[in-house]
Amino acid sequence: KLHDIQAEACAFEVKSTTSHHGKKVSINGEMQLESADKPLYLWFFRFEEDIGGMSIDEVVERLVTKGIDRTELDSKLSMQGFAPGNHSRREKYQLMQDLIYPVNERFPKIVSKSFKGDVFPTGVSNLSYTVDLDTVKPLDIKRYKELLCSFSGPAKKETADNKENH
């Protein structure tokens, strides 16, 4: 799959941090911010360690009860260094910030259209760079809720409720 979340009408790249300051995200690969046939959004989450929060394992259990495939979740988490049984999966975090950015012509990105002929130069591979989200505007709360309501993903209502609280 090209993007982290594929919905019928759009796709999402998901980025998160536990840093208290800034909104810099790493983009890995030439295709991560390419959007072909439907709108692409970058979904940014800021977490803070909190014993009253939720662990990765607890979130996985919630998603599995909502019909998400555990094997696929565990595979993606393992690729990020969070294999089943990893102690980090039991650490608890509180969601502090939840923002969605449209990856449109105003969003800072390096994609094939950035180059002559709309193709990456021959020999360019494994492209990684940083995008400072403080330089772009996230969706306003109304558009955020509209987007989540149209998204048929597992946690749309819960995430919309969290947005109102942060």
When you measure from the side chain of K109 to the backbone of N104, do you find a donor-acceptor pair of N or O atoms at a distance under 3.5 Å? yes

Could you walk me through whether V131 and F107 satisfy the side-chain contact (heavy atoms from CB on, under 4.5 Å) test, starting with their C-alpha distance in whole Å, then the side-chain angles of each, then the deciding distance to 0.1 Å, before giving a yes or no? CA-CA 9 Å; V131 171; F107 192 90; 4.0 Å; yes

Parallel, tilted or perpendicular: which one describes the rings of F120 and F115, with boundaries at 30° and 60°? tilted

Take L147 and C10 through the test side-chain contact (heavy atoms from CB on, under 4.5 Å) and record every step on the way to the result. CA-CA 9 Å; L147 179 64; C10 60; 4.0 Å; yes

For the NE2 atom of H3 and the NZ atom of K38, what is their distance to the nearest 0.5 Å? 8.5 Å

Distance (rounded to the nearest 0.5 Å) between L33 CG and I27 CD1: 4.0 Å

Where the side chain of E34 meets the backbone of V111, is there a donor-acceptor pair that is under 3.5 Å apart? no

Does a side-chain N-to-carboxylate-O contact under 4.0 Å join R62 and E58? no

Are S35 and V103 close enough that some pair of their side-chain heavy atoms sits under 4.5 Å apart? no

Going by heavy atoms in the side chains, are V136 and P108 under 4.5 Å from each other? yes

Step by step, work out the side-chain contact (heavy atoms from CB on, under 4.5 Å) result for F44 and T17. CA-CA 8 Å; F44 175 81; T17 186; 3.5 Å; yes

Parallel, tilted or perpendicular: which one describes the rings of W43 and F12, with boundaries at 30° and 60°? tilted

Taking the side chain as every heavy atom from C-beta outward, state whether Y41 and I5 have any atom pair closer than 4.5 Å. no

Would the number of heavy atoms belonging to other residues, nucleotides or ligands and lying under 6.0 Å from NZ of K137 be above 12? no

Name the one of Q97, H20, Q94 that satisfies side chain to side chain donor-acceptor pair (under 3.5 Å) with E48? H20

Let me confirm one number: the CZ-CD distance from F47 to E91, rounded to the nearest 0.5 Å. 13.0 Å

Would you say the side-chain atoms of E49 and T18 include a donor-acceptor pair closer than 3.5 Å? no

Measuring from atom OG of S112 to atom CD of E30, what distance do you get when rounded to the nearest 0.5 angstrom? 10.5 Å

Return yes if a side-chain donor-acceptor contact under 3.5 Å exists between N28 and S128, otherwise no. yes

Within the supplied structure, the quantity of interest is the number of heavy atoms (other residues, nucleotides, ligands) at a distance under 6.0 Å from N126 CG; does it exceed 12? no

Look only at the side chain of Y129 and the backbone of I110, and say whether a donor-acceptor pair between them is shorter than 3.5 Å. yes

How far apart are the C-alpha atoms of V60 and R70, what are their side-chain angles, what is the distance that settles it, and do they pass the side-chain contact (heavy atoms from CB on, under 4.5 Å) test? CA-CA 7 Å; V60 167; R70 179 186 302 275; 3.8 Å; yes

Find the distance between OG (S75) and CG (D69) and round it off to the nearest 0.5 Å. 9.5 Å

Does V14 offer a backbone N or O that forms a donor-acceptor pair with the side chain of D4 under 3.5 Å? yes

Under a 3.5 Å distance rule, please check whether R89 uses its side chain to pair with a backbone N or O of F82 as donor and acceptor. yes

Polar side chain donor-acceptor pair, S55 to D57, under 3.5 angstrom: no

Nearest 0.5 Å, what's the CG-CG distance between N86 and L77? 10.0 Å

Tell me the closest heavy-atom pair linking S78 and A83, and the distance in Å. OG-CA, 3.4 Å

Any donor and acceptor pair, going by atom type alone, linking the side chain of R46 with main-chain N or O of G22 inside 3.5 Å? yes

Less than 4.5 Å apart, any side-chain heavy atom of K15 and any of L133? no

4.5 Å side-chain heavy-atom contact, D132 and K24: yes

